[in-house]
Amino acid sequence: MGERIIIIDGNSLINRAFYGLPPLTTKEGTYTNAVYGFVNMLYKIYEDYQPEYISVAFDRKAPTFRHMEYDAYKAGRKRMPDELGQQLPILKELLDVMHIHRMEIDGFEADDLIGTLVKYCEEKNLETLVVTGDRDALQLASDHTKILITKKGMTDLEIYTPESIIERYEVTPQQFIDLKGLMGDSSDNIPGVPGVGEKTAIKLIKQFGSIEEMIRHTEEIQNQKLREKIESNIEQAIFSKRLATIKTDVPIDLSLTALQREAPNQEKLLELFRRLEFHSLIQKMIKSEDSQEKAIDRAKIHMIEKYEDVQKLINVVMLSKHLYFRLFGVGENVRDREIIGMSIMLEEDFSYYVDFKVLKGSIELLKDIFEDENILKTGHNIKNEILMLRKHGISLAGADFDTSIAVYLLEPTRTSYEIDEIYTAYLGKNMSNEESLLGKGKNRVTFMQIDRDLLSKYGHQVCHAVKDLKKILEAELEKLELKKLFHEVEMPLIKVLADMEYEGFRVDHQMLSSLGKELNGKIEQLMAEIYAMAGEQFNINSTKQLGDILFERLKLPAIKKTKTGYSTNIEVLEKLSKKHPIINKIIEYRHYVKLKSTYIDGLIDVINKGTNKIHSSFNQTVTATGRISSTEPNLQNIPIRLELGREIRKVFIPTDENYLLLDADYSQIELRVLAHISKDPELIEAFETDQDIHTITASKVFNVPVDQVTSYQRSSAKAVNFGIVYGISDFGLAENLGITKKEAQKYIDEYFDKYKGVKTYMEQAVENGKKNGYVTTILNRRRYIPELTSSNFNIRSFGERTAMNTPIQGSAADIIKVAMIRVHEELDKRKLQSRLILQVHDELIVETHKDEIDEVKQIVKREMEEAIQLNVPLKVEMHLGKSWYDTKK
DNA sequence: AACGTCACG
DNA sequence: ACGTACGTGACGTTG
């Protein structure tokens with residue numbers, strides 16, 4: 001027989017635990033004894049049976065089909081006491097944290113879910129063990145399935161096989177149902193045949209085989225009284241049998257993967273145990289974690305602290321083609337992070353830890369290895385390693401496989417790509433996690449404070465995980481045809497992003513400060529004016545307080561509500577602006593405060609003292625669509641739309657007087673991508689002849705000649721074009737243009753009538769998304785959209801818009817990523833001094849040396865326009881300037 | 001930590 | 001009838 005599964009009757013077991021253990025509560029009075037008993041049981045089961053799969057079934061409060069057929073079903077049974085009832089949700093939370101599958105469905109009892117799963121497992125040829133306190137389950141026993149019934153003490157289980165059931169009860173598992181049909185069951189209020197007890201029932205079933213057979217041959221019943229009793233209760237017997245029969249065809253989706261036994265979320269489990277005050281379990285867990293760490297045999301780590309040993313290591317590494325590594329660095333900024341240690345692993349499960357704190361000489365000793373492109377490197381978040389090495393004068397080559405990025409391509413909507421989480425998710429095993437090593441919040445320490453034995457163990461685990469993961473992830477990438485995207489785009493891009501971070505963007509600190517002072521003056525003045533008009537002082541930044549002032553004190557009409565109170569966003573304020581002079585002051589105040597806090601103070605805070613530059617982080621595993629994101633600070637949302645904000649761009653300047661900024665942006669890249677994937681002839685024509693796309697769209701939507709399109713029509717058409725890219729809806733367009741839904745729908749109909757190919761594309765995008773469960777981009781980047789199958793209209797609609805938008809936004813992201821790699825490569829190859837320093841989704845900024853202007857312009861334009869060949873031309877516009885502001889005129 | 005708001009493509 | 005445009009990140013307030 002194959003692998004083993006444990007199926008637990010959750011209600012039955014928690015009941016046994018509750019009544020079997022003395023009441024136990026936390027300090028706050030929450031009852032915990034049943035949960036405690038349950039967990040101990042679980043641990044025991046894990047230890048004794050080591051199942052590959054597990055599931056726990058629960059009853060629901062809702063009436064089952066048995067109640068529907070029989071009002072008195074389970075009537076008279078006492079309600080679950082509250083002390084037990086309150087433990088059910090805790091138990092479920094615990095199971096979730098332990099990553100244990102659970103089932104519950106309205107209308108069915110746990111037994112029926114178990115029966116259905118048992119049948120499923122039999123088909124899958126699993127060895128199935130059902131754990132319950134209820135002997136009704138004995139009917140499920142078979143060659144594949146054993147029933148484990150809890151004994152009095154809870155800790156021991158009685159094992160029933162078909163043979164042992166026959167031995168003990170003299171009937172087969174199937175006949176067990178007949179038995180109950182005859183005997184009835186007082187606890188479930190199943191009637192059976194009055195006057196027939198266990199002995200008689202067994203005798204009858206042994207004689208006839210089943211209730212049905214018995215009914216057919218009642219004349220063969222010798223005992224006259226018994227025969228009469230049975231003959232007058234035939235229907236009741238059949239009915240009782242039906243009630244006692246466990247269903248095996250409950251409509252539930254089952255898949256073995258979901259049932260797989262996984263390692264628990266250690267951290268959350270510990271947290272939960274603490275909350276429940278399960279001290280003995282906490283002890284046990286900590287001990288087992290300890291022993292896990294000890295399990296990494298000290299002999300598997302070689303500590304390197306002498307120069308000669310480094311030489312030996314180099315010799316060994318030079319002979320290998322592949323290494324797995326992790327560097328440990330300390331220091332806030334990318335530019336000054338010292339490497340204090342390194343774990344490195346080759347093909348065997350054996351790691352070296354180089355202790356640079358003790359060793360004389362630094363990482364530079366290993367420069368030849370890191371710069372050898374024939375030694376392939378695998379790591380997790382390699383950008384960090386690249387940055388640390390670069391600071392030490394080493395340019396990493398042969399960066400072959402980054403496990404975080406591989407997982408990102410497989411699951412771009414994951415919230416975390418932490419190595420330990422991924423390791424658990426893909427390999428079902430646990431490893432230490434960085435946060436528990438370093439602590440969090442103000443208690444966080446640096447790697448410098450970590451004992452090197454501990455650090456080397458952690459490094460060993462990381463290398464080991466990365467190595468195991470690579471094998472699995474490579475196969476997955478291959479399966480989803482993502483290898484090309486991974487190896488030719490995402491992996492090479494890491495270095496480009498690292499270089500952008502390392503270079504940074506120079507800012508004029510003084511100019512920022514003086515802009516800040518100006519803003520401060522204006523903010524103070526506005527505050528005074530607002531307080532005067534309001535008649536009192538309040539915190540204008542607080543939407544709650546502002547709402548009170550506007551809608552209670554000043555009695556202005558509330559237009560919109562949020563979850564927590566009145567909405568005071570810009571749309572609301574604009575609608576109110578004519579009703580009270582305070583409104584415009586507030587709008588202005590908000591504008592200034594935003595600029596001051598986010599773009600003046602926020603930027604000043606992150607200027608690197610050593611370089612006078614801002615070194616933003618560019619994140620490659622954040623967005624669902626394939627775009628990159630920028631943090632600390634976000635340089636992708638520096639103001640431009642309003643002049644005052646745009647002034648901020650004046651502080652973004654080149655490194656020194658030898659450079660200028662070259663800003664190159666794609667013109668209408670998303671609509672061009674749409675033309676390409678939809679193959680719409682009209683849209684293609686518009687771009688091939690380089691027309692103003694919004695004017696063309698206006699002409700089509702409003703049925704006017706191109707030369708008679710008004711500016712109002714053009715801007716409406718622009719909104720329509722945006723809407724198309726976002727996955728249009730009449731509501732959204734109406735909202736945006738301030739028109740009725742009906743009018744908006746008219747625009748959309750006209751649009752789709754003229755751009756029929758776009759219409760077809762939109763329909764197919766949704767259809768394909770539903771069929772496959774995901775959508776793809778030009779480079780086969782994939783995004784799963786589970787929302788598409790939701791029965792909730794809103795969620796499903798969101799899924800549909802996502803299906804329409806992601807291929808467009810994601811393909812544009814693909815294109816600019818390729819362009820970045822090529823521009824970076826070309827600048828490098830030609831040994832130019834100019835550097836790519838920023839990307840803003842459809843725009844690249846290259847700090848260009850004055851001697852290289854023409855060459856760089858040519859490179860950037862060519863590589864961007866030719867990054868990926870579409871069936872429409874890509875168009876790039878470029879501007880040179882002395883500041884970012886100047887490049888936008 | 002969640003929410004509301006607002007900055008960008 | 002449902003009630004939203006797609007994708008991000010930072011800030012200040014509030015609970």
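Proteins get letters first, then strands, A, B, ... in listed order; numbering begins at 1 in each. Bear in mind the structure is a predicted one, so any value in this text is a computation, not a measurement.
With both ends at atom P, the span from B:dC6 to C:dA1 equals 33 Å, rounded to whole Å. C:dG3 sits 26 Å from B:dC8 when the C1' atoms are compared, rounded to a whole Å. With both ends at atom P, the span from C:dC2 to B:dA7 equals 32 Å, rounded to whole Å.
Nearest nucleotide to the A:L733 side chain, out of B:dC6, C:dA10, C:dA5: C:dA5. Taking only side-chain atoms of A:Y726, from C-beta outward, the nucleotide of B:dT5, C:dA5, C:dT13 with the closest atom is C:dA5. Considering only side-chain atoms of A:R801, the nucleotide from C:dG9, C:dT4, B:dG9 that sits closest is C:dT4. Set against C:dG3, C:dT14, C:dG9, the side chain of A:N634 has C:dG9 as its closest nucleotide. Side-chain proximity of A:H841 to the nucleotides B:dA7, B:dG9, B:dG4 is greatest for B:dG9. The nucleotide whose nearest atom lies closest to any side-chain atom of A:N805 is, among B:dA7, C:dA5, C:dC6, C:dC6. When each of B:dG9, B:dC6, C:dA5 is scored by its nearest atom to the side-chain atoms of A:N569, the top-ranked nucleotide is B:dC6. Proximity note for A:T562 (side chain, C-beta onward) versus C:dT8, C:dT13, B:dG4: the nearest is B:dG4. Side-chain proximity of A:S629 to the nucleotides C:dG15, C:dC11, C:dT8 is greatest for C:dT8.
Side chain A:K594 to base B:dC6: a donor-acceptor pair is found below 3.5 Å. Residue A:Q636 places no side-chain atom within donor-acceptor reach of the base of B:dC8, judged by atom type and a 3.5 Å distance cut-off alone.
Within the nucleic acid shown, A:L635 has no heavy atom closer than 4.0 Å to any nucleic acid atom. If you check every strand for non-hydrogen atoms under 4.0 Å, A:V725 touches nothing. The residue A:V593 sits apart from the nucleic acid: no heavy atom pair falls under 4.0 Å. Heavy atoms of A:R783 sit under 4.0 angstrom from primed sugar atoms or phosphate atoms, though from no base atom. A:A624 comes within 4.0 angstrom of sugar-phosphate atoms only, judged by non-hydrogen atoms across all strands, and of no base. In this structure, A:G602 reaches the sugar-phosphate backbone alone: every heavy-atom distance under 4.0 Å involves primed, P, OP1 or OP2 atoms, never a base. At the heavy-atom level, A:N541 lies under 4.0 Å from the strands shown only through sugar-phosphate atoms. When heavy atoms are screened at a 4.0 angstrom cut-off, A:Q545 is found touching the sugar-phosphate backbone but no base atom. Using a 4.0 Å heavy-atom cutoff across all strands shown, A:S797 reaches no nucleic acid atom at all. At a threshold of 4.0 angstrom between heavy atoms, the contacts of A:A803 with the nucleic acid are absent. A:I808 comes within 4.0 angstrom of no nucleic acid atom, judged by non-hydrogen atoms across all strands. When heavy atoms are screened at a 4.0 angstrom cut-off, A:E632 is found touching the sugar-phosphate backbone but no base atom. Among the atoms of the strands shown, only primed sugar atoms or phosphate atoms (P, OP1, OP2) are found under 4.0 Å from some heavy atom of A:S630. If you check every strand for non-hydrogen atoms under 4.0 Å, A:I570 touches sugar and phosphate atoms only.
For the OP1/OP2 pair of B:dC6 and a distance below 4.0 Å, the side-chain nitrogens and oxygens of A:R590 include at least one atom meeting the criterion. Between A:T806 and the phosphate of C:dG7, there is no side-chain N or O to OP1/OP2 separation shorter than 4.0 Å. Between A:N539 and C:dG12 there is no side-chain polar atom (N or O) within less than 4.0 angstrom of OP1 or OP2. Side-chain N/O atoms of A:T564 include none lying less than 4.0 angstrom from OP1 or OP2 on B:dA2. Phosphate contact (OP1/OP2 of B:dT5, side-chain N/O of A:S567, threshold under 4.0 Å): present.
With values rounded to the nearest 0.5 angstrom, A:I494 atom CD1 is found 5.0 Å from A:Q620 atom CD. How far CG of A:L779 is from NZ of A:K817: 9.5 Å, rounded to the nearest 0.5 Å.
Atom OH in A:Y589 sits roughly 15 Å away from atom P in B:dT5 (whole-Å rounding). Atom CZ of A:F618 is separated from atom P of C:dT8 by 17 Å (rounded to the nearest Å). C:dC6 atom C1' lies 16 Å from atom CD of A:E735, rounded to whole Å. Protein atom CG of A:N619 is 20 Å distant from nucleotide atom P of B:dC8, rounded to whole Å. In this entry the distance linking CD1 of A:I795 with P of C:dA1 reads 21 Å, nearest Å. Distance CZ (A:F793) to P (C:dA5): 13 Å, rounded to an integer number of Å. Counting to the nearest Å, the C1' atom of C:dG12 and the NE2 atom of A:H591 are 17 Å from each other. For the pair A:R641 CZ and B:dC8 P, the interatomic distance rounds to 5 Å; values are reported in whole Å.
Between the side chain of A:K561 and the main chain of A:S567, no donor-acceptor pair closer than 3.5 Å is present. Looking at A:D402, its side chain does come within 3.5 Å of a backbone N or O of A:S404 through a donor-acceptor pair. Between the side chain of A:R782 and the backbone N or O of A:L410, no donor-acceptor pair lies under 3.5 Å. A:S630 places a side-chain N or O within donor-acceptor distance of the main-chain N or O of A:P633, the cut-off being under 3.5 Å. Side-chain atoms of A:E865 come within 3.5 Å of backbone N or O of A:V876 as a donor-acceptor pair. One N or O on the side chain of A:R414 and one on the backbone of A:S416 form a donor-acceptor pair closer than 3.5 Å.
Using N1 to N3 plus N6-O4 or O6-N4 for Watson-Crick, or N1-O2 and O6-N3 for G-U wobble, each under 3.5 Å, C:dT13 pairs with B:dA2. In this structure, C:dC2 forms no base pair with any nucleotide, since neither Watson-Crick nor G-U wobble geometry is met with both distances under 3.5 Å.
Note that A:K741 lies outside the cation-pi zone of A:F731, set by a 6.0 Å cut-off to the ring centre and a 45° limit from the axis.
Two residues, A:K741 and A:T802, neighbour DNA chain C, and the one matched to the more 5' nucleotide by heavy-atom proximity is A:K741.
Evaluation of A:F798 against the base of C:dT4 yields no stacking contact (centre distance < 5.5 Å, interplanar angle < 30° required).
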